[in-house]
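Have a look at the structure below, then the notes.
Everything numeric in this text was worked out from a predicted model, so none of it was measured. Heads up: numbering here begins at 1 and tracks the sequence.
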Amino acid sequence: MSILNTQQIMEIIPHRAPFLLVDTIEELTAGVKAVGKKCVTFNEPFFAGHFPQEPIMPGVLVVEALAQTGAVAMLSLPENKGRLALFGGIRDARFKGKVVPGDVLMLETVITKTKGPVGYGDGRAFVDGKLVASANLSFMLT
């Protein structure tokens with residue numbers, strides 16, 4: 001059972017369709033960790049061009065989904081309500097598998113460090129329990 005549905009996620013982060021890349025939050029420890037789920041469908045707008053003959057979710061959007069999951073973790077803290085979490089950087093991004101229509105993408109982002117408005121997190125994305133992407137993310141809260 002999900003902890004947050006799409007509507008509740010949209011109350012925390014400003015992303016909207018077609019750029020909201022997290023459907024539900026399955027686990028949440030505010031300021032520490034979030035686990036999200038994205039049910040990838042053939043109707044995703046990016047599949048029209050990436051690639052028409054073999055639809056694959058772009059890796060950069062998998063990383064964005066990890067960042068949105070981390071943003072839910074950080075912006076769930078009462079003191080961060082109404083703020084934005086902006087990308088500061090992406091390091092050590094690795095892509096180990098394809099994400100295709102029909103996949104259920106599980107997104108886990110753990111906040112590893114914060115100092116003032118700047119923070120860092122480790123993100124990992126899975127399909128069927130298999131690691132498909134990972135990245136170290138940095139962000140700034142505005």
Cluster link [X] to [Y], ILVMFWY, side chain under 4.5 Å:
X      : Y      : value
Met140 : Ile90  : no
Phe139 : Ile25  : yes
Leu66  : Leu84  : no
Leu105 : Phe126 : no
Ile3   : Ile13  : yes

Shortest non-hydrogen contact from [X] toward [Y]:
X     : Y      : answer
Met10 : Arg16  : O-NH2, 2.9 Å
Ser76 : Leu28  : OG-CD2, 3.7 Å
Val62 : Ala125 : CG1-CB, 3.7 Å
Pro18 : Leu21  : O-CD2, 4.3 Å
Ala34 : Ala73  : CB-CB, 3.9 Å
Val22 : Lys38  : N-CD, 4.5 Å

Side-chain ion pair, Lys37 and Glu108, N-O less than 4.0 Å: no

Say whether, by atom type as modelled, one donor and one acceptor occur between the side chain of [X] and the main chain of [Y] under 3.5 angstrom.
X      : Y      : answer
Asp103 : Val40  : no
Asn80  : Leu77  : no
Ser134 : Arg124 : no
Thr109 : Thr69  : no
Thr112 : Tyr120 : yes
Gln68  : Phe19  : yes
Asp92  : Asn136 : no
Thr24  : Asn5   : no
Arg83  : Pro117 : no

I'd like to check [X] versus [Y] (side-chain heavy atoms, cut-off strictly below 4.5 Å). Are they in contact?
X      : Y      : result
Pro101 : Thr41  : no
Val127 : Met106 : no
Glu44  : Met57  : no
Ile56  : Phe51  : yes

Derivation and outcome, side-chain contact (heavy atoms from CB on, under 4.5 Å), residues Leu61 and Phe46: CA-CA 9 Å; Leu61 293 182; Phe46 48 81; 3.4 Å; yes

Met74: which of Thr114, Ile12, Val32 passes side chain to side chain contact (heavy atoms under 4.5 Å, CB included):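 For Met74, the side chain to side chain contact (heavy atoms under 4.5 Å, CB included) check succeeds only for Thr114.
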
Among Asp122, Val63, Ile111, side chain to side chain contact (heavy atoms under 4.5 Å, CB included) partner for Leu137: Val63

